[in-house]
Amino acid sequence: MAFKLDAKIPEGPIQDKWEQHKFKSKLVNPANKRKYSVIVVGTGLAGGSAAASLAELGYDVKSFCIQDSPRRAHSIAAQGGINAAKNYPNDGDSVWRLFYDTVKGGDYRAREANVYRLAQVANNIIDQCVAQGVPFARDYGGYLANRSFGGAQVSRTFYAKGQTGQQLLLGAYQSMMRQVSKGKVSLYTRKEILDIVIVNGKARGIIARDLVTGDVERHVADAVILASGGYGNVYYLSTNAMASNVGAAWKAYKKGAGFANPCYTQIHPTCIPVSGDHQSKLTLMSESLRNDGRVWVPKNKEDKRHPNDIPAEERDYYLERIYPSFGNLVPRDVASRNAKNQCDAGKGVGETGLAVYLDFGDAIKREGRDAIAAKYGNLFDMYQRITDESPYEQPMRIYPAVHYTMGGLWVDYNLMSTIPGLHVLGEANFSDHGANRLGASALMQGLADGYFVIPYTLGHYFGSNELESIDTSHEEFEKCEKEATDRINKFLSINGSRTADDFHRSLGQIMWDNVGMSRNKAGLEKAISEIQDLRQQFWKDLKIPGENAQVNAELEKAGRVADFLELGELMARDALERNESCGGHFREESQTEENEAKRDDENYCHAAVWEFKGDNTTPERHREELSFENVPLTQRSYK
Amino acid sequence: MSKTIKVKLKIWRQKNRSESGHFEDYQLDTVSTDMSFLEMLDTLNEKLVIDNKEPVAFDHDCREGICGMCSLMINGQAHGPEKETTTCQLHMRSFKDGDTIIIEPWRSKAFPVVKDLMTDRSAFDRVIEAGGYISVNTGNAQDANTLPISKENADLAMDAATCIGCGACVASCPNASAMLFTAAKVSQLSLLPQGQVEADERAQNMVAAMDSEGFGNCSNHAECEASCPKGINLSHIARMNRDFLSSKIRK
Ligand SMILES: Cc1cc2nc3c(=O)[nH]c(=O)nc-3n(C[C@H](O)[C@H](O)[C@H](O)COP(=O)(O)OP(=O)(O)OC[C@H]3O[C@@H](n4cnc5c(N)ncnc54)[C@H](O)[C@@H]3O)c2cc1C
Ligand code: FES
């Protein structure tokens, strides 16, 4: 089944597209809405806000998540903030500038129309969240406070201490729980989606495993929304929560949904470095720290002195030196690559030499310890808890870590995948961030998708499609359930010698070494063949204790690792085919004389969309050409 | 600087909700003090799997102290010995070479054990469902800066809102009361002008839900405050009690 990529971008000037589109969209009348049911996979910012808003409209919503409560979705961990072009600081912000910054920050690899809509609805998000009781930071006059983030020269980031994601998610969760109390949302917690059920070409349901009893269940609906988050855990170590996975999106891909730009990965510059082999995840230190922290390494290689003993003239504040106009606030990809370059040149610090300093000494001198503690106290405490070192006394050690995935399931302007009825929101879609996401823009996008886009576009889907009446006895459900059960039984029957984590670690190493911050042809080809070998070993040598009919964390991990082992190969393939550098994707073959990323607009100004062609068959690469009518294509420069 | 220590673990094992549980002993000889507590359990589990034994089930997700998924009574203390630290943020440098560590699930009637160290905390969701929200539909909001809120109240609301819903307050309370959890939400919303409209009803409904879920009464032991990984304090309970009483009077 070959797919056609029609982005369905509305006609007209970019400022009017969304208004016009909403006007032209089909509506479902209020009395009829309750006749439609929707499955929402995921309760993060995207899924939670969608479930609440759709239920308020009258649809019957079934909400699924892996955790024991919807409030624990990975969005809870977002620290720094959420962008909007309110221009409250009066510093020259506007919808147009937020749009422009996001397109440029994404290195001209996002769809203009979507980004513009995102910038347009961002202000509504802040209004909505304040109305829900989200306690954003305020100044002494009682008005909302803003801070600045990388890739922007205005202060447009709203925040709630270092816990912005938590507060926004609780706002969405509470709205959703209100709908639970009204009987409009049914909660299905501790459930993992194992497959998407397609009936006569339309997404009509899911197969889920109950993570407590092991029961494999069927659920039917009129449409399915995937808001299952990103796939950064393919690298094993990342800042994502332990259960973050690609499973639901990957099953959709294998059922015919296009997977776009899988190689676009964001490596966040400020994370706590790895401390040993036992490391299970990495902890982010919010980018907001770069507002006051100065990044440096010793000028001399392998300088083993304590950082406080290295005098100013022997420190290289390399970001300030190389990028005088953005300094420490360059976008993430630029900051990460520069940290790697310094460490590769032997100037890395700490026991492993894989770290650079982020220093608050000057800020503390300037503003006082209390002022810095008020801004970053909880982050400093977190850092000290993990490393046993105080950032008040000595610089933090930081190193880049995998953080976010810009790639994901391809969606059109309506956020619908290439499978009719399957909509994809939040980090799970290929998103509005192009090849690099700016800080504080993921929260904005997740909530934009859930609160302000899907409520309109889902109505249009229902209004313009005839849906046949089916139930879970349909043969497709039968077939999908059997496949899911067979796979579980297969995992349990291998009885090999290596744990799922062990395989996951091996995969992570291959990915980090070859599909990480810097990529080249030979490395990518090597990664593809190594992943294929590893996958074969996995299916021969996996060890899972216990049985299905109980809580079995090893079995859960095995399923997720099996999917990562397939996704990793697709990421390497996508990176190999994209022989240009753009945003988070840096191809060594494509750089300027100053070693900055070099885009190739002539050949790669498109989204690459992969179509599954069967296990062990090379997938087909399609393109969605991108045109830039409002933000002229230029090489990004932050100098 | 990291070093390695030996620890003896006594861990609660329970197959499921209906079967009864027991303690089992384990020994780990090379625990790096840089490991987090959960990484120490990962190491144990990896060993158990290789030895064909069932790994220990425990809840966790973010491992950053924010999702509220991790739990554990460690030597009788919710989230272990460090103040304002979740189990996932606790590091092995808090233990000494040769220590015996007793690890148990939260114990409360309202949080039944699911397996080993995992419990069912959905009662908390039902308390929120009873009124822990502001009734505003998407699209209904006015401009965010229309209503200034004093910094003091905004900050106090944030302090209350910082609750991660882990359940340590319930687990450490001799009465298994959920007062701190409930009060934190009631207090957050009643400190904000947006939350005033429904304040009376909210306090009544949430307290009623709390009672019907089988949580105990609050008799001011203050163990909840001491064990809260987010430092939420008793003043929120006092604020809720005020709201609750005045709403009764108004009725
Ligand atoms: C440490 C950290 C800090 C961050 N800070 C910021 C920030 O300051 N600003 C910003 O804008 N962005 C930030 N981000 C990025 C942002 O948090 C995420 O991109 C965003 O929250 C993703 O939201 P989501 O709703 O798409 O998915 P998630 O929040 O990841 O939710 C996924 C949901 O899907 C469910 N799910 C997944 N798979 C399945 C399955 N198979 N079956 C059933 N359910 C499933 C999960 O249970 C969960 O409920 C940060 C990210 C991290 C890791
Ligand atoms: S695992 Fe999230 S708070 Fe501990």
Side-chain angles (χ1 to χ4, degrees), chain A residues 52-53 56 67-69 71-72 74 76-77 86 88 124 126-128 130-133 135 137-144 160-161 163 166-167 170 174-175 177-178 180-181 187 189 212 241-243 275-276 278-281 283 382 385-386 388 451 455 499 501 543 545-546 550-551 553-554, chain B residues 2 16 32 34-35 38-39 42-43 46 49 52-55 57 59-69 85 89 91 93 114-115 118 120-122 124-125 128-130 132-138 140-145 148-151 154 157-158 161-162 165 188-189 192 194-195:
Chain A
S53 305
E56 286 163 11
Q67 292 78 9
D68 68 335
S69 163
R71 66 179 288 155
R72 308 202 200 282
H74 166 60
I76 199 99
K86 283 283 193 186
Y88 289 151
N124 302 102
I126 305 302
D127 300 341
Q128 188 64 33
V130 167
Q132 290 169 345
R138 288 175 185 268
D139 60 26
Y140 284 98
Y143 293 97
L144 292 160
K161 284 203 182 149
Q163 291 147 254
Q166 179 196 29
Q167 295 311 314
L170 293 181
Q174 287 163 203
S175 296
M177 293 312 289
R178 175 172 160 243
V180 172
S181 76
L187 281 188
T189 59
V212 176
M242 302 299 285
S275 77
H278 53 261
Q279 195 89 28
S280 58
K281 75 154 283 173
T283 302
M382 187 182 335
R385 233 175 261 132
I386 294 173
D388 213 17
Y451 284 135
T499 62
D501 275 341
K543 187 176 186 75
Q550 55 162 233
V551 173
E554 293 298 311
Chain B
S2 68
N16 53 40
S32 158
D34 274 344
M35 275 184 191
L38 297 184
E39 285 168 346
D42 290 342
T43 317
E46 201 142 4
V49 174
N52 279 321
K53 296 196 180 110
E54 275 225 20
D59 270 319
H60 64 104
D61 197 21
C62 73
R63 298 202 173 192
E64 292 195 5
I66 193 74
C67 73
M69 190 99 180
T85 302
Q89 293 286 78
H91 279 68
R93 64 180 80 92
V114 173
K115 182 180 180 184
M118 289 165 75
D120 176 351
R121 291 167 286 190
S122 54
F124 270 4
D125 288 325
I128 298 295
E129 183 189 327
Y133 45 74
I134 288 171
S135 298
V136 54
N137 281 359
T138 304
N140 255 342
Q142 58 183 352
D143 182 84
N145 252 350
I149 301 174
S150 75
K151 181 165 166 45
M158 179 65 206
T162 203
Q188 174 206 342
L189 298 178
L192 301 169
Q194 292 87 350

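Model, not experiment: these values are computed from the prediction. Chain A is the first sequence line, chain B the second, and so forth, proteins listed ahead of strands; every chain is numbered from 1.
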Going by heavy atoms in the side chains, are [X] and [Y] under 4.5 Å from each other?
X: A:Met177; Y: B:Asp125; answer: yes
X: B:Val136; Y: A:Gln128; answer: yes
X: B:Asn137; Y: A:Arg178; answer: yes
X: B:Val49; Y: A:Lys543; answer: yes
X: B:Asp42; Y: A:His278; answer: no

By a 4.5 Å heavy-atom criterion (distance strictly below it), what part of [X] contacts chain B: side chain, backbone, both, or neither?
X: A:Ala553; answer: neither
X: A:Leu170; answer: side chain
X: A:Asn124; answer: neither
X: A:Gln166; answer: side chain
X: A:Gln67; answer: both
X: A:Val180; answer: both

May I ask you to name which of B:His60, B:Met69, B:Gln194 has the most heavy-atom pairs under 4.5 Å with chain A?
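With the most close heavy-atom pairs to chain A, the winner is B:Met69.
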Looking at A:Gln163 and B:Thr162, would you say the former's side chain and the latter's main chain have a donor-acceptor pair under 3.5 Å?
no
Who are the side chain to side chain contact (heavy atoms under 4.5 Å, CB included) partners of B:Arg93, not counting sequence neighbours?
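Only A:Asp388, B:Thr33, B:Asp34, B:His91 meet the side chain to side chain contact (heavy atoms under 4.5 Å, CB included) criterion with B:Arg93.
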